[in-house]
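The sequence lines fix the lettering, A, B, ..., with proteins before strands; numbering per chain opens at 1.
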2 protein chains.
Amino acid sequence: MLLKVGELAKRTGLTVRALHHYDDIGLLTPSARSDSGYRLYNGDDVTRLYRIQALQRLGFALAEIGDMLAGSGPALPGLIAQQIAALDGQIEQALVLRARLQQLQRRLATDTEPTLADWLTALELMTMYEKYLTQQQADILRQRKAELGEQYDADWRALTDRVRALIDAKVPAQSAEAQALAQQWTSHTQRLVHGDEDLLIKLDTMQRHEPALQSHNGIDAAVIDYVSQAMTEARLPIYAKYFDADEVERLRGNFRRHMPEWPTLVGAVRRAMDSGLAPDHPEAQALGARWQALSHATFCTDEPAMRGKFMQAVKSEPDLLLNTGIDRALLDFVIATQSH
Amino acid sequence: MLLKVGELAKRTGLTVRALHHYDDIGLLTPSARSDSGYRLYNGDDVTRLYRIQALQRLGFALAEIGDMLAGSGPALPGLIAQQIAALDGQIEQALVLRARLQQLQRRLATDTEPTLADWLTALELMTMYEKYLTQQQADILRQRKAELGEQYDADWRALTDRVRALIDAKVPAQSAEAQALAQQWTSHTQRLVHGDEDLLIKLDTMQRHEPALQSHNGIDAAVIDYVSQAMTEARLPIYAKYFDADEVERLRGNFRRHMPEWPTLVGAVRRAMDSGLAPDHPEAQALGARWQALSHATFCTDEPAMRGKFMQAVKSEPDLLLNTGIDRALLDFVIATQSH
DNA sequence: GGTGGAGCCTCACGTCGCGTGAGGGTCAAG
DNA sequence: CTTGACCCTCACGCGACGTGAGGCTCCACC
């Protein structure tokens, strides 16, 4: 019994166009044509089509189905496992998306009629939080921001403007004004992070890597660099407890030149850690070498005397690592790269 | 500050090609071009791009994003709800697919190295079960089939072959041979369904509507029709308890002509019921009218005397509805269409 | 034998969000 | 003056068909 396309289409619930397509791509070629060129499908064709449909309902692509029916290609169990894995990925993605949308929906319901612009800004912030913070941290931040109110943002803007003014006026970072601002900067930050060093590091990373955020709150690379320079200067009195005056002057000079290179390196190391890179991996080794070189240049750790005093200082003064993005885990990682 | 494509791309994590694409479709047109034709993006462009990205991360299509940013189109809350609904659909679909694949995986693990052909046959059956039966029913069926073993399938094939032989030999359905086969047919069916009328109806529907199944087990429309004719004939003795001999002969003649039309109508009514059609909907009304006309033609229910006897018979003999695909709910639906 | 309608044929473009060249200008550094 | 990085504009490709356009075939009915 030979079927024409329309008949086969009716029998299988497909469209005529789909059957044409299968013919085009060679997935199901009718075994015969009538004199007038009509496609004629025999029983074997029909059987093949049923199988095609069955495999299609499992989510396989037409090309894959073709391979499977040709007996070539990888074995079925593997394909199925692969298919399941792909589906799991899809499902997870969809669930994440769904959660995002729902959160947004809730906030839309509570907020007092936000404008489109507000709304989009909130949205951007949300996706950024999601990228850099854990769910918990994002929740904490949102709550604290709500508690602090709009005045807090205004304070930041004022502070940032004053920093920028100092930069424009070329006031050096070790000036009293700069020191005072850096002081305020730290206390403002603490109002948000409440001493949570991990949160602080992540926010710092976010601020450094998200131009969208930078243009939103005006805290760009220049401001960040200036403030961290000032903070660095603020650390010099602490070093003075361990080094003599000449050495402190050397350190100051080194800091001026090399401190701006640290955040980049610290960020690179942290990314390496987070991506699970092994300390003996060549890339990690390279980072370790960079770290050592920069240490030498900044703290003169290539000179045994200086190195000893430096180690002593760092060990005795945990505050020296504050606001640097460096924590115990990161230091351990770096040490591990160098012990290989 | 004006950015070139590459710079903007780096800042946003997009590719240059994507930005070209946004320009092509008018989603993000750079506010300026350099003399040499380079795209130049200003701050507003960058802001717009951040918003585009934020909305994209929510799963909106570029065209939708364009509409949203243009302020036209429907309001955001509605769009979000819609988006969530769409996602829910996707997730559900993916979960169903996943379940299918896992079931298959389990069976692949237990079965003794099936050939590709066996495997695909099982797959077809599985998807068919899924389409017509509830999960429970499918499980029950699978278990019973496993208990009955291969002999059961062989019995069916033998029975079907004998039916086909009668058809080819043009042996009438009221013959003793046909009656005997119909008898066996029923008992064979019962070995599988164990008196579950709902399951029986669904299997019947499946067998009638799935050419794949028909060509698989050889039970096609001709066989079904012949067997149901024989079953119909088998019912005549029951009617004889309520009608006199002449009337029974009239019924026999009517049955011969009109009984084959019933399954189609019953199927149509059931689909209408299942799709939640209201009995006073025009389409339901039309079905009711068809039902009445076919009743008149088959059972002479337009003649008051015949109608009375018929109602009496149906009420007293529930067996008359056996194997017809008609149950109480369906009758109620039909009656409801006619009371409007 | 003509006509009408259903069904068949073969192009061929559109979908969606870009990837991936091809072929050729622009710009700053050496 | 070259080199290399970056930019430009086409334009095809993907996947599974949908949707015509323009024309042929078949069958029933007049």
* Asked: Looking only at heavy atoms, which two atoms of Ala9(A) and Thr15(A) are closest? And how far apart?
  ->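 Taking Ala9(A) first and Thr15(A) second, the nearest heavy atoms are CB-C, 4.1 Å.
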* Taking all atoms of both residues into account, what is the closest heavy-atom pair of Gly59(A) and Gln83(A), and its distance? ->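 Looking at all heavy atoms of both residues, the shortest contact is O-NE2, 2.7 Å.
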Just how far, in rounded Å, is [atom2] of [N] from [atom1] of [X]?
| X | N | atom1 | atom2 | answer |
| --- | --- | --- | --- | --- |
| Ile52(A) | dC17(D) | CD1 | C1' | 15 Å |
| Lys10(A) | dA6(C) | NZ | P | 12 Å |
| Asp35(B) | dC8(D) | CG | C1' | 14 Å |

* To do: Give me the residues of residues 41-48 of chain B where at least one heavy atom lies under 4.0 Å from an atom of DNA chain C, by number, or none.
  =>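 Contacting residues: none.
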* To do: Identify, with sequence neighbours excluded, every residue that meets salt bridge (Lys or Arg N to Asp or Glu O under 4.0 Å) alongside Arg57(B).
  =>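 Result, salt bridge (Lys or Arg N to Asp or Glu O under 4.0 Å) vs Arg57(B): none returned.
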For [X], check side chain to side chain donor-acceptor pair (under 3.5 Å) against everything at least two apart and list the hits.
| X | result |
| --- | --- |
| Tyr132(B) | Glu210(B) |
| Gln105(A) | none |
| His281(A) | none |

* Asked: Once each nucleotide of nucleotides 8-20 of chain C is scored for protein heavy atoms under 4.0 Å, what B/S/- sequence comes out, 5' to 3'?
  -> SSB-B----BBBB
* **Residues Asp23(B), Arg33(B): salt bridge by 4.0 Å N-O rule** =>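 Arg33(B) and Asp23(B): salt-bridged.
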* Does the distance from a Lys or Arg side-chain N to an Asp or Glu carboxylate O, for Arg48(B) and Asp44(B), drop under 4.0 Å? ->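 Result for this pair is no, no salt bridge flagged.
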